[in-house]
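Notes for the one structure printed next.
So you know, we letter chains A, B, ... as the sequences are listed, proteins then strands, and number each from 1. In this text the structure is predicted, and so the values were computed from the model without any measurement.
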Amino acid sequence: MAGPPSYKAPTGTHDVLPPQSGRWASLIARFAAAAGRAGYGLVVNPVFEDVEVFRRVGEGTDIVRKEMYEFEDKGGRRLALRPEGTAPVVRAFVQHRPPVPWKVWYAAPGFRYERPQAGRYRQHHQLGVEAIGSADPDVDVEVVALAWRFLAGLGLQRTILLLNSMGDPESRAAYVEDLRAFLRGRRAELAPEDREKVDDHPMRVLDSKRAATRAVTREAPRISDHLTPSATGHFSRVQAGLSDLGVPFALEPRLVRGLDYYTHTTFEIQSSALDAAQNALGGGGRYDGLVEALGGPPTPGIGFGIGIERVLLACDAEATFTVGDARVDAWVIDVTGGAAARALTHELREAGVAADRGFDDRSMKAQMKAAGRSGARVALIVGEQEAASSTVTLRDLATSEQRTIARADVVAEVRAALDKEPR
RNA sequence: GUGGCCGUAGCUCAGUCCGGUUAGAGCGCCAGGUUGUGGCCCUGGAGGUCGGGGGUUCAAGUCCCCUCGGUCACCCCA
């Protein structure tokens with residue numbers, strides 16, 4: 001293409017700007033607080049990993065088969081941008097071998113090369129936790145409840161929690177055989193697009209949205225009928241625990257989720273407020289074989305990921321968790337050249353008062369206009385008269401009342417006007 | 001990867017079907033009305049290669065082809 005360069009954020013990516021970014025930041029802060037209260041510490045992983053880290057996690061999944069951002073660095077290493085959050089955390093666990101249970105949370109971007117649509121992006125952001133090293137069903141309960149309570153705490157009400165168990169590997173192997181046999185017998189009734197999945201990935205057929213397929217899978221064998229006694233025991237204890245905490249859930253035997261590594265508990269939280277096709281706000285499950293697959297000792301684990309963009313979309317749809325105005329307390333106006341504004345804003349900020357000012361030595365009118373637009377509660381005005389008498393005019397921008405105060409009393413007067421405690 | 005719809009000022013859009021002088025509106029921005037005072041009002045101004053390229057034509061924002069981008073959906077997922 002000719003002409004001057006005209007750059008845009010790459011397809012499927014977005015800039016998050018004020019004031020929306022304020023909401024973004026506060027969402028993460030809330031999650032950090034919730035996870036912190038539950039004993040989870042922050043983990044920060046690299047945004048790219050050896051491509052094998054992700055391959056080991058799901059050879060057969062679309063995520064690794066066709067959606068990974070893979071590249072070779074200048075040293076010839078094969079790397080990939082993280083398509084999901086669990087694998088890097090598990091890799092870090094295997095590398096550092098922290099004491100268990102290891103409970104961590106993260107807020108990180110995920111990258112998948114796919115066509116964007118409402119609620120789906122090439123770079124999206126996830127909030128998540130991982131609890132590695134305990135097979136206790138109470139860990140499942142804690143993790144699921146954390147996700148549920150976090151979303152409820154934002155004011156989201158039109159959410160449903162879907163719960164299923166994939167069982168242990170023996171349960172699962174037996175079930176897959178049974179399901180495959182069933183689907184082969186009914187193959188002709190399936191939607192054409194789903195027929196080819198029957199042989200290689202029969203469980204993928206279960207989450208098809210096509211009506212013809214769903215009619216068949218309604219009658220398909222259920223994994224709950226194939227669970228070993230111990231897997232059934234684990235799952236019942238999870239359900240009992242959730243009920244005990246008042247977390248409502250619906251059993252969904254067809255919930256298999258996209259990643260191959262899940263065992264036992266899997267769950268997904270959907271929003272019925274989103275009319276978009278992508279209505280899963282988050283999901284996760286247990287992955288008792290994953291640590292071993294990445295070279296560690298046999299170690300159980302469970303976690304979830306919540307999509308920040310989708311949660312915010314759901315909040316929009318339910319008109320909750322709205323953008324808070326990031327207002328400053330005071331606006332400093334200086335028509336004597338700017339030195340007074342420089343000193344005053346600095347002094348106020350040092351004293352803990354949020355203060356801002358205009359630049360470029362603009363007219364009184366222009367500076368007042370900026371002050372009004374900023375949403376500040378008070379304006380501090382320094383003109384020739386104030387400068388000459390070591391005073392400042394303090395104006396309440398809501399009531400338009402103003403009075404002249406001594407320059408030396410500015411911090412105290414502003415604090416009083418804002419009803420703010422000294423720091 | 002496949003399909004539908006859409007690309008005109010910073011934003012939201014009119015104008016495109018039936019081609020015709022300097023491409024418009026609202027909002028926002030800047031300035032003035034008020035030589036020290038915001039929000040309301042009035043006046044004025046800046047800002048556009050009509051996504052890009054090619055073609056048809058005396059003439060293209062408008063018609064044709066290609067291309068890029070956006071959006072929604074499928075596959076699948078957060």
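- Taking atom C1' in both B:rA25 and B:rU8, the straight-line distance is 12 Å, to the nearest Å.
- Across the protein-nucleic acid pair, A:D361 atom CG and B:rG36 atom P stand 14 Å apart, rounded to whole Å.
- Look at B:rC76: it lacks any Watson-Crick or wobble partner with both distances under 3.5 angstrom.
- For the C1' atoms, the distance linking B:rA23 with B:rA60 amounts to 13 Å, nearest Å.
- Rounded to an integer number of Å, the gap from A:L274 CG to B:rA78 C1' is 12 Å.
- Within the nucleic acid shown, A:E114 comes within 4.0 Å of at least one base atom, counting heavy atoms only.
- Using a 4.0 Å heavy-atom cutoff across all strands shown, A:R395 reaches at least one base atom of the nucleic acid.
- Closest contact between the side chain of A:L397 and the listed nucleotides B:rG36, B:rG38, B:rA31 involves B:rG38.
- Distances from the side chain of A:E67 to the nucleotides B:rC76, B:rU71, B:rC30 place B:rC76 closest.
- The partner of B:rG61 cannot be assigned: no Watson-Crick or G-U wobble pair with both contacts below 3.5 Å exists in any strand.
- Here A:R362 lies in heavy-atom contact (under 4.0 Å) with sugar-phosphate atoms only.
- Nucleotide B:rC17 has no partner under the Watson-Crick or G-U criteria, as no pair reaches both atom distances under 3.5 Å.
- Regarding A:L161, its CG atom lies at a distance of 15 Å from the P atom of B:rA78, rounded to whole Å.
- The separation between A:Y7 atom OH and B:rG52 atom P is 17 Å, rounded to whole Å.
- The residue A:G110 sits apart from the nucleic acid: no heavy atom pair falls under 4.0 Å.
- Counting non-hydrogen atoms under 4.0 angstrom, A:K369 reaches the backbone sugars and phosphates but no base.
- Counting any heavy atom pair closer than 4.0 Å across all strands shown, A:G119 reaches a base atom.
- For the C1' atoms, the distance linking B:rC13 with B:rA9 amounts to 11 Å, nearest Å.
- Closest to the side chain of A:M368, out of B:rA73, B:rC76, B:rG38, is B:rG38.
- Not one side-chain nitrogen or oxygen of A:Q126 sits closer than 4.0 Å to the OP1 or OP2 atom of B:rA78.
- Residue A:A280 is classed as a sugar-phosphate contact, given heavy-atom separations below 4.0 Å to backbone atoms only.
- Counting any heavy atom pair closer than 4.0 Å across all strands shown, A:I333 reaches no nucleic acid atom.
- The separation of B:rU22 from B:rU34, taken at their C1' atoms, amounts to 35 Å, rounded to a whole angstrom.
- Atom-to-atom, CZ of A:R115 to P of B:rC68 comes out at 11 Å; the value is rounded to the nearest Å.
- Of the listed nucleotides (B:rC72, B:rG39, B:rC76), B:rG39 has the atom at the smallest distance from the side chain of A:S400.
- Using cut-offs of 30° and 60° for the angle between ring planes, the A:F93 and A:W102 rings count as tilted.
- Straight-line distance between the P atoms of B:rG51 and B:rC11: roughly 13 Å, to the nearest whole Å.
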Let's go through A:R78 and A:E70 carefully: what are the C-alpha distance in whole Å and the side-chain angles of both, what is the deciding distance for salt bridge (charged side-chain N to carboxylate O under 4.0 Å, His left out) to 0.1 Å, and is it a yes or a no?
CA-CA 7 Å; A:R78 295 298 308 174; A:E70 287 187 60; 3.4 Å; yes

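- Candidate nucleotides B:rG33, B:rG69, B:rA78 were compared by shortest atom distance to the side chain of A:T11, and B:rG69 ranks first.
- To the nearest whole angstrom, the two P atoms, one in B:rG70 and one in B:rG38, are 43 Å apart.
- With A:V392 as the fixed residue, the side chain to side chain contact (heavy atoms under 4.5 Å, CB included) test singles out one of A:T404, A:I381, A:L344: A:L344.
- For the pair A:T263 (side chain) and A:P169 (backbone), a donor-acceptor distance under 3.5 Å is absent.
- Between the P atoms of B:rG1 and B:rG48, the separation comes to 35 Å (whole Å).
- If A:A118 and A:R210 are placed on RNA chain B by their nearest nucleotide, the residue sitting closer to the 5' end is A:A118.
- Distances from the side chain of A:R373 to the nucleotides B:rG36, B:rC74, B:rC30 place B:rC30 closest.
- The backbone N or O of A:A354 sits less than 3.5 Å from a side-chain atom of A:D329, completing a donor-acceptor pair.
- Taking only distance into account, the side chain of A:Q402 meets the base of B:rU37 through a donor-acceptor pair shorter than 3.5 Å.
- With the nearest nucleotide of RNA chain B identified for both A:G283 and A:G12, A:G12 has the one nearer the 5' end.
- Residue A:A398 is in base contact, counting any heavy-atom pair closer than 4.0 Å across all strands shown.
- Between the CD atom of A:Q278 and the P atom of B:rU71 there is a distance of 14 Å, rounded to whole Å.
- In this structure, A:E309 reaches neither bases nor backbone, as no heavy-atom distance under 4.0 Å exists between it and the strands shown.
- When both distances must be under 3.5 Å, the Watson-Crick or G-U wobble mate of B:rA31 is B:rU43.
- The interatomic distance linking A:D360 (CG) with B:rC29 (P) rounds to 16 Å, in whole Å.
- Aromatic rings from A:H125 and A:W24 are positioned such that their centres are separated by under 6.0 Å.
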Report the C-alpha distance between A:R204 and A:D194 in whole Å, list the side-chain angles of each, state the deciding distance to 0.1 Å, and finish with yes or no for salt bridge (charged side-chain N to carboxylate O under 4.0 Å, His left out).
CA-CA 9 Å; A:R204 285 280 87 76; A:D194 293 320; over 6 Å; no

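- Between the CZ atom of A:F31 and the P atom of B:rA78 there is a distance of 14 Å, given to the nearest Å.
- Ranking B:rG38, B:rC76, B:rG36 by closeness to the A:M364 side chain, first place goes to B:rG36.
- Rounded to the nearest Å, the gap between the P atom of B:rC64 and that of B:rU57 is 16 Å.
- The residue A:E386 sits close to a base: some heavy atom pair falls under 4.0 Å.
- Each of A:L81, A:L79, A:V51 was evaluated against A:Y69; a single residue qualifies, A:L81, per the side chain to side chain contact (heavy atoms under 4.5 Å, CB included) test.
- Counting non-hydrogen atoms of other residues, nucleotides and ligands closer than 6.0 Å to CD of A:E196 gives a total of 12 or fewer.
- Judged by Watson-Crick or G-U wobble contacts below 3.5 Å, the nucleotide B:rU12 has B:rA25 as its partner.
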